[in-house]
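Presented below is the structure to which this report refers.
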Amino acid sequence: MTLRLYNTMTRSVEDFVPLKAPHVSLYTCGPTVYNYAHIGNFRTFLFEDVLRRWLEASGYDVFHVMNLTDVDDKTIRGAAAAGASLADHVVRFIDAFREDSGYLRLLPAHVYPRATEYVAPMIALVESLLAKGVAYKGDDGSVYFAIGRFPAYGKLSRLDTRELQAGAGGRTLADEYAKEDARDFVLWKAAREDDEAVGAAWDAPFGRGRPGWHLECSAMALDLIGKHLGTDVLDIHAGGIDLVFPHHEDEIAQSCAHTGQPDFARVWMHGEFLTMAGTKMSKRFGNILTARDLREEKVDAGTVRLLLATTHYRAPLDFTDQALDAAREGSRRLGALAARVATLPEGAGSAAFEAVGATLAADFATAMDDDLNTPRALAALFEAAREGNRLLDAGEQPGPAFRAAWAKATGVLQILPTPAAGFQLPATGASANQELSEAVPTDPAAQQEWALGWAGRRLAAKQGRNFAEADRIRGLLADAGWDVRDNRDGTAEVQRR
RNA sequence: GGCGCCGUAGCCAAGUGGUAAGGCAGAGGUCUGCAAAACCUCCAUCACCGGUUCGACUCCGGUCGGCGCCUCCA
């Protein structure tokens with residue numbers, strides 16, 4: 001089996017062959033920390049997380065870099081509006097990003113370089129480009145990249161023959177007068193008063209200023225993979241599909257003009273958009289949903305991850321409550337099977353159960369190796385869950401093959417529910433005598449005790465064949481948000497919904 | 001206007017030139033005091049119109065509809 005990945009550069013699925021196996025360098029464009037990242041941003045990060053986990057599960061040693069863009073127009077504007085320095089303003093959004101990433105179970109990158117910490121390598125890169133004659137200083141003091149002097153420009157986006165739409169966006173940038181060609185992009189922006197005010201300006205041989213967005217990624221990626229792997233070409237460079245042009249196109253121009261390599265990455269991967277109400281999330285449409293919003297609505301990370309895994313990363317996905325509900329139920333079901341298996345002692349499994357494990361392992365790997373076909377991988381998992389439940393009902397035992405295949409698949413996808421607070425009540429010894437109020441305590445700990453008490457009383461009532469009382473208590477608990485469920489062996493469980 | 005993506009059951013969503021995975025919802029069963037869970041069964045001919053082919057949902061052309069990018073938006 002070989003891992004095959006879609007490469008935007010060639011527009012086709014190719015065998016994945018890293019430069020220095022088993023090492024893999026993975027550079028993913030991170031957030032601009034001027035605001036809370038929304039779930040559209042996170043769809044891309046989640047796709048990259050699954051990619052990373054599958055690479056590692058396949059035996060690769062991944063070096064993952066995700067940059068944090070902490071200096072650009074938006075962060076500077078935000079800092080100015082808040083009356084803070086750039087550094088102070090940005091830190092809260094970096095913290096928030098870390099929290100949100102943890103909530104969504106994103107594996108931390110090995111390095112999170114911040115643009116402002118890599119100004120020196122950026123300046124060096126600009127100097128190199130100036131020396132090579134592909135960059136020039138404009139009349140406004142900024143430094144630009146001359147795409148006319150880089151013949152390969154446009155090969156990733158295939159927009160090389162494009163024509164600028166007349167009046168697109170009504171943009172007539174002042175700095176265009178400083179460019180030799182309207183399509184040239186800025187490497188280094190001459191410092192303005194606004195930049196100085198928030199501490200977003202640095203001295204450089206070619207003039208005081210700040211780095212352009214595209215420059216950040218090239219300089220940081222080259223610096224880091226050079227130090228860690230001794231290479232100047234990335235194995236995988238990933239990001240959202242909107243970064244194809246101009247961001248990644250410009251990165252290629254800068255990096256390759258500097259290194260002389262034919263490409264900056266061996267594989268370019270781009271995740272499709274997540275839309276809300278059919279359109280891209282944007283302030284203009286007011287359809288932004290952040291990871292924090294989901295967390296506040298108590299949406300489990302497993303649900304979110306399962307929802308995204310049902311759609312292939314290169315297909316657009318519209319986020320709806322209906323789809324979220326479906327994902328929640330699916331996640332619950334998979335979690336229930338996992339819980340059943342977890343309660344059983346480890347040991348040799350039945351032949352049938354082990355066969356299910358072998359099928360799962362094979363189908364899951366085939367699906368993932370096929371350009372991360374998570375919908376099919378998920379189908380394999382659901383089939384294994386159904387078979388597993390059936391065999392468990394028949395009294396058969398799962399063995400190491402099943403457990404290993406299940407752990408690998410669920411570990412890569414991370415779609416199981418976060419364990420909820422729940423209690424198992426023994427079949428005997430349930431106390432029906434303690435004093436219990438029907439009023440629901442507001443304090444979480446007290447409420448937990450309360451629910452446990454009532455659940456015990458219900459079990460006792462049930463054992464006394466007082467079904468009316470048992471059902472009444474179940475209703476009471478349900479109203480308070482606790483589910484009660486009887487098991488086959490006479491025990492019962494209460495769990496917070 | 002240029003470049004690109006997409007249109008599969010009530011909803012979400014894979015897929016192959018030879019008669020459509022999986023999930024959610026729904027219906028009927030088994031089990032159960034009941035409920036829940038679990039399991040079993042049922043539920044589409046793939047936007048439209050042409051063409052290529054023994055045969056297309058899958059290839060080609062067109063139409064309609066939706067979406068993205070076109071200089072700093074994942």
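A, B, ... follow the sequence lines: proteins, then strands. Residue 1 opens every chain.
With rounding to whole Å, A/Glu383 atom CD is found 6 Å from B/rG22 atom P. In this structure, A/Leu459 places its CG atom 18 Å from P of B/rU32, rounding to the nearest Å. One can place CD of A/Glu272 at 13 Å from C1' of B/rG66, the figure rounded to the nearest angstrom. Rounded to a whole Å, the CZ atom of A/Arg485 is 19 Å from the P atom of B/rC31. Atom CZ in A/Phe185 sits roughly 11 Å away from atom C1' in B/rC72 (whole-Å rounding).
When each of A/Ala380 and A/Ala323 is assigned the nucleotide of RNA chain B bearing its nearest heavy atom, the one mapping closer to the 5' terminus is A/Ala323.
When ring centroids are compared, A/Tyr144 and A/Phe185 stay outside the 6.0 Å threshold. Checked against a 6.0 Å centroid threshold, the rings of A/Phe273 and A/Phe319 do not count as neighbours. Here the two rings, on A/Phe364 and A/Trp406, have centers that are 6.0 Å apart or farther.
You'll find that the side chain of A/Pro246 is closest to B/rC73, out of B/rG33, B/rA21, B/rC73. Closest to the side chain of A/Glu329, from the set B/rG68, B/rA25, B/rG22, is B/rA25. For A/Ala326, whose side chain is taken as the heavy atoms from C-beta onward, the closest listed nucleotide among B/rA74, B/rG23, B/rG33 is B/rG23. Relative to the side chain of A/Asp471, the nucleotides B/rA14, B/rG33, B/rA74 differ in distance, and B/rG33 lies closest. Out of B/rC72, B/rA74, B/rG33, the shortest distance to the side chain of A/Val186 is found at B/rC72. Distances from the side chain of A/Arg458 to the nucleotides B/rG33, B/rC5, B/rA21 place B/rG33 closest.
Backbone-only engagement by A/Gly278 is indicated by non-hydrogen atom pairs under 4.0 Å involving sugar-phosphate atoms exclusively. Counting any heavy atom pair closer than 4.0 Å across all strands shown, A/Arg390 reaches sugar-phosphate atoms only and no base atom. Within the nucleic acid shown, A/Ala315 comes within 4.0 Å of sugar-phosphate atoms alone, with no base atom in reach, counting heavy atoms only. Among the atoms of the strands shown, only primed sugar atoms or phosphate atoms (P, OP1, OP2) are found under 4.0 Å from some heavy atom of A/Arg333. Among the heavy atoms of the strands lying under 4.0 Å from A/Lys462 is at least one base atom, whether or not backbone atoms are also near. Residue A/Asp483 is out of contact with every strand shown, counting any heavy-atom pair closer than 4.0 Å. Heavy atoms of A/Asn389 sit under 4.0 angstrom from primed sugar atoms or phosphate atoms, though from no base atom.
A cation-pi geometry, defined here as NZ or CZ lying under 6.0 Å from the six-membered ring centre and within 45° of its normal, holds between A/Arg457 and A/Trp454.
The existence of a salt bridge linking A/Asp181 and A/Arg183 is confirmed by a sub-4.0 Å separation between a basic side-chain nitrogen and an acidic carboxylate oxygen. Salt-bridge check for A/Asp486 with A/Arg458: passed, with a basic side-chain N closer than 4.0 Å to an acidic carboxylate O. The pair A/Asp184-A/Arg149 does not meet the salt-bridge criterion, since no charged nitrogen lies less than 4.0 angstrom from a carboxylate oxygen. The existence of a salt bridge linking A/Asp393 and A/Arg340 is confirmed by a sub-4.0 Å separation between a basic side-chain nitrogen and an acidic carboxylate oxygen.
Judged by distance alone with a 3.5 Å cut-off, a donor-acceptor contact links the side chain of A/Arg474 to the base of B/rC34. Side-chain N/O atoms of A/Asp250 and base N/O atoms of B/rC72 include no donor-acceptor pair closer than 3.5 Å. Contact annotation: side chain of A/Asn373 to base of B/rG15, donor-acceptor pair absent below 3.5 Å.
Remark: A/Arg340 is not in phosphate contact with B/rC39, judged by side-chain N or O atoms under 4.0 Å from OP1 or OP2. Note on A/Lys179: every side-chain N or O is 4.0 Å or more away from OP1 and OP2 of B/rU71. Here A/Arg386 reaches the OP1 or OP2 of B/rC40: one of its side-chain N or O atoms lies under 4.0 Å away. Taking only side-chain nitrogens and oxygens, A/Arg332 never comes nearer than 4.0 Å to OP1 or OP2 of B/rG23.
Shown for residues 297-312 of chain A: residues whose heavy atoms fall under 4.0 angstrom of RNA chain B, namely A/Thr310, A/Thr311, A/His312. Near RNA chain B, meaning a heavy atom under 4.0 Å from it, residues 31-40 of chain A has A/His38, A/Gly40 in order of number.
If you check the side chains of A/Asp72 and A/Thr75, you find a donor sitting under 3.5 Å from an acceptor.
In this structure, A/Phe382 does not count as stacked on the base of B/rG22 under the 5.5 Å centre distance and 30° plane angle limits.
In this structure, the side chain of A/Asn389 does not engage the main chain of A/Arg386 through any donor-acceptor pair within 3.5 Å.
Using a 4.5 Å heavy-atom cutoff, the side chains of A/Tyr313 and A/Asp371 are in contact.
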